Structures are given as C-alpha cells and as structure tokens.
Chemist: 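Here you go, one structure.
Here the structure is a predicted model, which is why all the values come from computation and not from measurement. All heavy atoms count here, side chains included; hydrogens, waters and symmetry mates do not. Sequence lines set the chain letters: A, B, ... in the order given, protein chains first and strands last, and positions in each chain run from 1.
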There are 2 protein chains.
Amino acid sequence: MSGESLDALKDIIPENRLKTELPEMEDYCHDEYPDIFIEPEAVALAENEDEISKILKWSQKYNVPVTPRGLGTGLSGGCLAAEGGLILSLERMKSIREIDRQGLFVTTQPGIITKDLQDAVEKESLFYPPDPASLESCSIGGNVAENAGGPRAYKYGVTRQYVQGLKAILPDGERLSFGGKLIKNVSGYDIAGLICGSEGTLAVITEITLRLVSKPAQVIDLLIPFPSLRDAAETISDFLSSGIVPNTMEFMDKAAIARSSKFIQKELPYMSSQAQLLIQIEERENIDSLLESVQVVAERHNAEDILLAENPVQQELIWQARRNLYEALKQSEGSMEIADVSIPRHRIPLLIEGLRKISEINSTEIINYGHAGDGNVHVHVMQNFIESEEWDKRKLLIMKEIFNLVSSLEGVVSGEHGIGFLKKKYLKYCLDDQSLKLMQAIKKTIDPENLLNPGKIFI
Amino acid sequence: MSGESLDALKDIIPENRLKTELPEMEDYCHDEYPDIFIEPEAVALAENEDEISKILKWSQKYNVPVTPRGLGTGLSGGCLAAEGGLILSLERMKSIREIDRQGLFVTTQPGIITKDLQDAVEKESLFYPPDPASLESCSIGGNVAENAGGPRAYKYGVTRQYVQGLKAILPDGERLSFGGKLIKNVSGYDIAGLICGSEGTLAVITEITLRLVSKPAQVIDLLIPFPSLRDAAETISDFLSSGIVPNTMEFMDKAAIARSSKFIQKELPYMSSQAQLLIQIEERENIDSLLESVQVVAERHNAEDILLAENPVQQELIWQARRNLYEALKQSEGSMEIADVSIPRHRIPLLIEGLRKISEINSTEIINYGHAGDGNVHVHVMQNFIESEEWDKRKLLIMKEIFNLVSSLEGVVSGEHGIGFLKKKYLKYCLDDQSLKLMQAIKKTIDPENLLNPGKIFI
C-alpha cells in the first residue's frame, strides 16, 4: 500500500478507526484456526455503507486488496489478508434495523454477534434457528458469508435458508439491494443465495433480512451414551430412516469428551462411554411419541442410558462438554489440523471407521465430533507430543488421506467452515473441473481485478 | 435454421425424435399461460446427456438458439422458443436413478412427472414436499428450473431447499456435476442454487439429487369460510404471529370458488362465504393443541365454521375447488392475465384491499387465490365479456397498477411462476439496477453467445 493510497484511505476513514501498526492490528492477524498469523497492511473499521462503497472504489483505484471481516471466528482463514492490503472490519455496524413481529423477519447490520441477534428476537417470542458453536462471539454477517450451520441445522437448515434479503456493496463500489421480507421469489437469479456462502469474495454484505420462526416454548435435551462409536453411528443412520426429526443430532467420541472434561476441570456424565449423542426435542412436536421412538432406536443399538434434561441447569450439564470442545482442543498440547467434512449422512459409520484406520496407521490421535445428523463431522488431527518437523510432514499426509476417504464416500471438503485459503488445496477433492471453472468465471465477472478477498476459495 | 444445421442436427438426433412440422410440433408452441402460441423451428426429444451435450455444441457451431423444455406446464413462457431455434425436450429422460432409503435422497432424471416421483418415494415411506398445483402434469426438471413452490411450501419450503446435487450441461456442451447426497456444503459457490430458478437460461439440467423427509403418517385438512376477505387475510396474519405452522395456508376468494364449482358442475361447501382458507395439519405435530390454536384464531376473525376432513374422500371434497381452479379460470369466457405476486406475508390484507380497488376502478373482475401463508398470491385479471380491443388496452393498464401496488408493498413480480418472457417487462418493478446488471453479467459469462433459452428473464 503506497503512501499515496494510505493518504487517500485516511480521507475516507478517520484515523481513530484506521489501524496500521502491529500491536493494535494483532486481533486482525488470525481467525480461530490454530497457529495462524497474517499481518494486513491496514485495518479500517467502517461505520456505514457510504464508507464501504468509497473503500471499494479506493481499492480499485489504488489496486489494493480488501478483505471484509466480521468478528474473526472463522476456521478457514477467510477473513485474513492472504494477499496483503486492507482488512475491512464490519464490527461497528451492529445495529438491528427492524424486528418485524408481524411478518416474522429481522433486518440487521452484519456486525452484530449472532447470540445478541437471537436474544433480541427471542424477546419478541421469535426464533432465529442457525446456531454455530461460536454463536456467542461470531457475527451474523460472517455467518451469511460462510453459510454457517450449527446443531439445529439438522431440523432447521443452514443460514442460507433464512437469508431472504441482502444489501451489499459490489467490488466496484456500487450498492446492490436484493430480495427483502419475502418468502418466495423467482424474479431473476438467486443473488442472495449466491452471495451467501461466497466467503466475502463477491460482495461486502451491509444489511441482511432474515426469516424468523416462532420461538419453541420448551426444549428437552437427551444425552445418550454408547459402548462403541459404531453403535452411535448406526443409531444416527437408524434415526434418519425411521423419520425421527429432533432439533439436533450431535455426536462426540470418548477422546473429545475427555478433552472437554479436562479443560473445564469437571467430571462429565458417562465419560467412560466410547461415544455420546446429544439430541434436542421441541415442545411443539408430539414429545411423548418422539421420546419413545428415540428410546426404541437407541436401545436397539445398545444405548447405555438415556439422560433427560428438562431445565436449563440440567441442559447446561449435558451440553457443556460439546460447547467447550473446540476451545479444549485448541488449548491441548501441540497443534492440530481440522477438517470440516460433509458426507452423505447415512455413511457416518463408514467415515468413522475410515478415520479410525487412518488414526491407527499413522499413529496419530484423531478426535471427532459434530453434526452427525447432517453428515457434517469436525475431524481434529492432534499433534500431541509429535515433534514439529515430523508433525509438519505427517499432518499433510493424514489430511490427504482424510480427504481421499471423504471423496470415496462422495463427500465434500467443507460443510460449514468454508474453504478460505487454508482449504484451497483440498477443493479439488470434491469439485469437478466445470464447477470450478464456473465459480472462477463468476468471481472474475463480478470482481475482474480480483481485489475483493483475493487468494480465497480457488487456487 | 439453415439446411446445413438441420442436417447436422439429424446426425445427433434420429428422425423419429425430431419434429420440424407444425401439426406434430403443436404441443411445443405453448405452455399453460392463456392464448400463447410460438412456433419453434424444430423440436428434439433427447434421450441422454451425450445427445444434449452434442446439441449444445451444435447450437454454438450453427448459432441456433436452444430452449430446454420439461413438460410445458409453466405460466411465463419460459419453455417456448421466444427467439426461434430448437426446443430441446427432456420428456423422455424420466428415469428415477436411485431412491436412497437410508440416506433419504432421490436421484432422478428431469423429465419425470412430479407426482410420479412423489408416488415412487412415498412407496418407500419417504416424502418429497414441494407440490406445485400442476404436479400431476409438470416435470421435476421444470420445477427445479422455476424453483417451484406449492401449498406445502408454507411449512416445507420451495424446490431449491431440496436440490442438493445437480448434473447439467453448460451452454458450451460441457458437463457439470455439483453437490450430491449432501445436506451441508460450503465448498465453493452454490452452483446448484444458482441453476435452480434460472429458468433454463444457464444450463440444461440432466440429473437431480433431492433431499427427502419421512412421510407423515396422516394429515388433517381444514376448510374455514369467512364473511369477508379482510377477515380471512387477518386470520393469516394472526396465524403467522401466533407461531401456528400448519403444512399449508391457502386462500380463495368467493369468485374463485364459484368458477371452480361451475367448472366441475358441483355445489361446493360454503360457496356463499366471501373467502375460504384451506389448512392442512400433520399427524407428527401435536395435533390437538394445533387444532385448538387454529380454532381460537379463526373465531377471533369471525370464521363461519371449521370443516374437518380426516379421510381421503372428505379431503378431496375440501380441496377440489382449489385443485380445479386454474383450469376453471382458463375455461372461462374470454381471456385472462395472471400475476404471481409475492409480498411480505403479513401485508396480505393490504394487497387484497389494493386489488379490490384496482378491480373496482377499472370495472374488471380480479380473482385471487394462492399461498397466502407465504405472501404468494395468484392474481387473475378476467376479460369476461370485455371487447377485445378494449381488453388489450385495459389489461396492460391493470397489470401496471397491480405491479405498482406490489412494488409499494415491497413485493416482487414472481413468487413461483418465474419471469420467462411474459413477465420480462415487469421485472423492473422489483429489481434494482445492480441486481439486474449482476444477473445479466452472470448470464453473459456462462452463455456469452446468448444461445441457451435467449429472450428470457431480462429485456
């Protein structure tokens, strides 16, 4: 970034919202993936659409890359300045514009924390279902950019299924407004759906209109321990084909639970079991019959118990292992590599078995948990005490083996974390040439100079 | 189409699957919109991907437009050869490739009738929810191209929410395969979502993988008559904000019911009521509490009765007016113009009131029905006995007034029928310049010569 371009930037963003030195830029040099640090040339905290439009025009004029950033909780490096230039932070644009109680919509700026948005709509007896694990620290704009999921996606679907309207600024600085408080819309191509999940490479999202549903009066949580991973995996498969649709169907293996327990320094229920399922059921369903079906299927697969949690205290006990898991793994000895694989959901038993073999052959611990009901599993390859040089070699080999396994199961390399720049080299495992070419052509059409979040998704 | 290009086409498609003369091409000169007839230069009935790929390469070589066509039940002219050239019919590609009972997916060719697909998966206790009114005659490929909805979209969402994988041939003849039996996928842009709803302008769909759900054991249907349109509209609004989520929330006005009754030559229940709501409730919900809530809300808005239908005979009685409505209107004296408007759903009362005024001011009958719970209303402007020359003037004026009303309510010009070429001139009422430019740029990138279904969506 030349002195001239920096001066021009200062005309757009006042100095108190512009960072150019390291200590104050530090928070913008990483996301939540382990051991990553990429320094941008500057960070601008935008406060309105006008500033963003000017920044993108400035980017074109001075040929400086701009990387939009929500609250930096991603796991694929998508919000980092991979090719230098400016980080454009949306963190200050966090106002809710309108909660439409009658129409069941919320219109919001992108920078608000997802949990804050959820709390605000729940006060109005409404409900925004997508619940990424990072919901207490991630932004709704980041959720839209990455098409975030979460446990409740099993019943309610992912972020894209709630985005009905978007305002965004295109790479040339022009403002776009698409859709709105509409459930159905076949008036031209689905621009909102295209921007959602495009990881900030096509436009900077400045306002989002989300469909809401009514708030469930009560939920019941179940923890079901199993004597083997296989039993848990087959239970999931069996739930699916039995038409049992709870809100969530999460699973954790024994190693995951142990790490979480150590991290929160607390005994957890059924720690000796090889795997656990976490299931949530809603009051608006026919609870008794649903509970009975769950029980029948779980017992068929050797469930060791069914723990019921009907109040917030019990529920916290059941969910705390899962909620603290990622932080626990991150704090472990050594580093780790994470894969966010998505496969046909009934092939979960095959995936789990394949991962076990990869772990054994490579003498490396692999910890798995995630959204089993959707076929979306977070796979953590742990360094533990493997020496650094050896780890660097081994982790690459293992990741290749994992993605070969995923590819053989007709899965994809990301279910909800996105590709960012950390997973670029694996994209070929799940995209054919024509799909890739088409995506690149769309990117080139919308951002011909490749200045908006360059170096992401595509090699 | 030159003699040379026709000869080359005959090398791709055998003569018994190629039509070039009028009597045998007649079925391909219209869709289900009234009074429309556009003759293509030829019609080819493809049987496999290889033929389609060759046809698209042929189209590029000889500069001949190609318009893909399912079973021709659209309502916006999307499958007609608006700029001449070849109609590429997918009607022969109607095999179901696989019903995956364990994973809850179906993979199918595009030409199968939607109802046939639904029947096939229901035999396996599975369920494909989208149910456009034309389901007994439309194709699943057409549903994907138009992102079809239907009554059950209220609870279950539209076609796009079920398309997890697509195979398609791009305008240059290259084959693309995207997604698959996957629930979650953030591995690059959402190509399936972009192609779905693009009305055959971006690619020819050759194989579709759809997510299924388990089949509800039983449904209960309710017919609720109201003394005024306003009461019915406000009931819908009130259902929404009360969090009552039945499968369907359809409405019909008195004139619509009368037409249907006349068409099927049969008295229908509550024909003297000004409006009726058709509500379907599923057994897997907590039926008793849902029924009670429906009753409380409906009675608050002066419901005249609540008719319950619990078996197929009763259900047929309740739904027959709705099912026969479009055909009834089409058979009426004179022609009609149809608008498929989608507005914020709680503004249904304002829309209905606005339409009543437009009808009065212009002394023209306007008949309304549709998917009120989604804010998606089918508006029929009836010619009746208005003399042709006067009708041609008046209908244009009225359509403009309708779309001005829709625009003032922040709605869009199509909820599920698409733009095709019949609604092109109205697209400006709901798209801003940037959205339009972006769509056109995407079209140009994928189909630079504008040979795949040209003359559609954009002016």
Chemist: Could you tell me whether the side chain of A:Leu182 reaches within less than 4.5 Å of the side chain of B:Val412, counting heavy atoms only?
Modeler: yes
Chemist: Does any part of the side chain of A:Lys184, heavy atoms only, come nearer than 4.5 Å to the side chain of B:Val158, both counted from C-beta?
Modeler: yes
Chemist: What part of B:Lys443 lies closer than 4.5 angstrom to a heavy atom of chain A: side chain, backbone, both or neither?
Modeler: both
Chemist: Less than 4.5 Å apart, any side-chain heavy atom of A:Arg345 and any of B:Arg211?
Modeler: yes
Chemist: Side chain, backbone, both or neither: which part of B:Glu199 has a heavy atom under 4.5 Å from chain A?
Modeler: side chain
Chemist: Pick one of side chain, backbone, both or neither for A:Phe458, based on which atoms fall under 4.5 Å of a heavy atom in chain B.
Modeler: side chain
Chemist: Of the backbone (N, CA, C, O) and the side chain (C-beta and beyond), which part of B:Leu212 lies under 4.5 Å from a heavy atom of chain A, both, or neither?
Modeler: backbone
Chemist: Can you say whether A:Leu170 sits under 4.5 Å from chain B via the side chain, the backbone, both, or neither, judging by heavy atoms?
Modeler: side chain
Chemist: Does any backbone or side-chain atom of A:Ile457 lie under 4.5 Å from a heavy atom of chain B? Answer side chain, backbone, both or neither.
Modeler: side chain
Chemist: State, yes or no, whether a side-chain contact exists between A:Glu410 and B:Lys181 at a heavy-atom distance under 4.5 Å.
Modeler: no
Chemist: Heavy-atom cut-off 4.5 Å, strictly under: side chain, backbone, both or neither for A:Tyr426 against chain B?
Modeler: neither
Chemist: Any side-chain to backbone donor/acceptor pair from A:Ser435 onto B:Ser177? Under 3.5 Å, distance only.
Modeler: yes
Chemist: Among the options B:Gly193, B:Pro344, B:Gly179, pick out the one with the most heavy-atom pairs lying under 4.5 Å from chain A.
Modeler: B:Pro344
Chemist: Report which part of B:Ala168 has an atom under 4.5 Å of a heavy atom belonging to chain A: side chain, backbone, both, or neither.
Modeler: neither
Chemist: In terms of heavy-atom proximity below 4.5 Å to chain A, should B:Glu416 be classed as side chain, backbone, both, or neither?
Modeler: both
Chemist: Heavy-atom distances under 4.5 Å only: say whether A:Leu104 touches chain B with side chain, backbone, both or neither.
Modeler: both
Chemist: Looking at chain A, which one of B:Gly418, B:Ser342, B:Ser187 has the largest number of heavy-atom pairs inside 4.5 Å, strictly under?
Modeler: B:Ser187
Chemist: State, yes or no, whether a side-chain contact exists between B:Leu431 and A:Phe178 at a heavy-atom distance under 4.5 Å.
Modeler: yes
Chemist: Taking only residues two or more places apart in sequence, or in another chain, which ones meet A:Asp340 in a side chain to side chain donor-acceptor pair (under 3.5 Å)?
Modeler: A:Asn376, A:His378, A:Ser414
Chemist: Going by atom types only, do A:Thr201 and B:Tyr189 share a side-chain donor-acceptor pair under 3.5 Å?
Modeler: yes
Chemist: Which heavy atom of B:Leu240 sits nearest to which heavy atom of A:Gln102, and what is that distance?
Modeler: CB-O, 4.1 Å
Chemist: Using the side chain to side chain donor-acceptor pair (under 3.5 Å) criterion, which residues pair with B:Ser53? Sequence neighbours excluded.
Modeler: none
Chemist: Using heavy-atom distances under 4.5 Å, tell me whether A:Asp100 contacts chain B through its side chain, its backbone, both, or neither.
Modeler: side chain
Chemist: Taking side chain as C-beta onward, heavy atoms only, is B:Val186 less than 4.5 Å from A:Ile419?
Modeler: no
Chemist: For A:Met439 and B:Gly188, which heavy atoms make the closest approach, and how far apart are they?
Modeler: SD-CA, 3.6 Å
Chemist: Can you tell me how far the CD1 atom of A:Ile442 sits from the CG atom of B:Leu194, to the nearest 0.5 Å?
Modeler: 5.0 Å
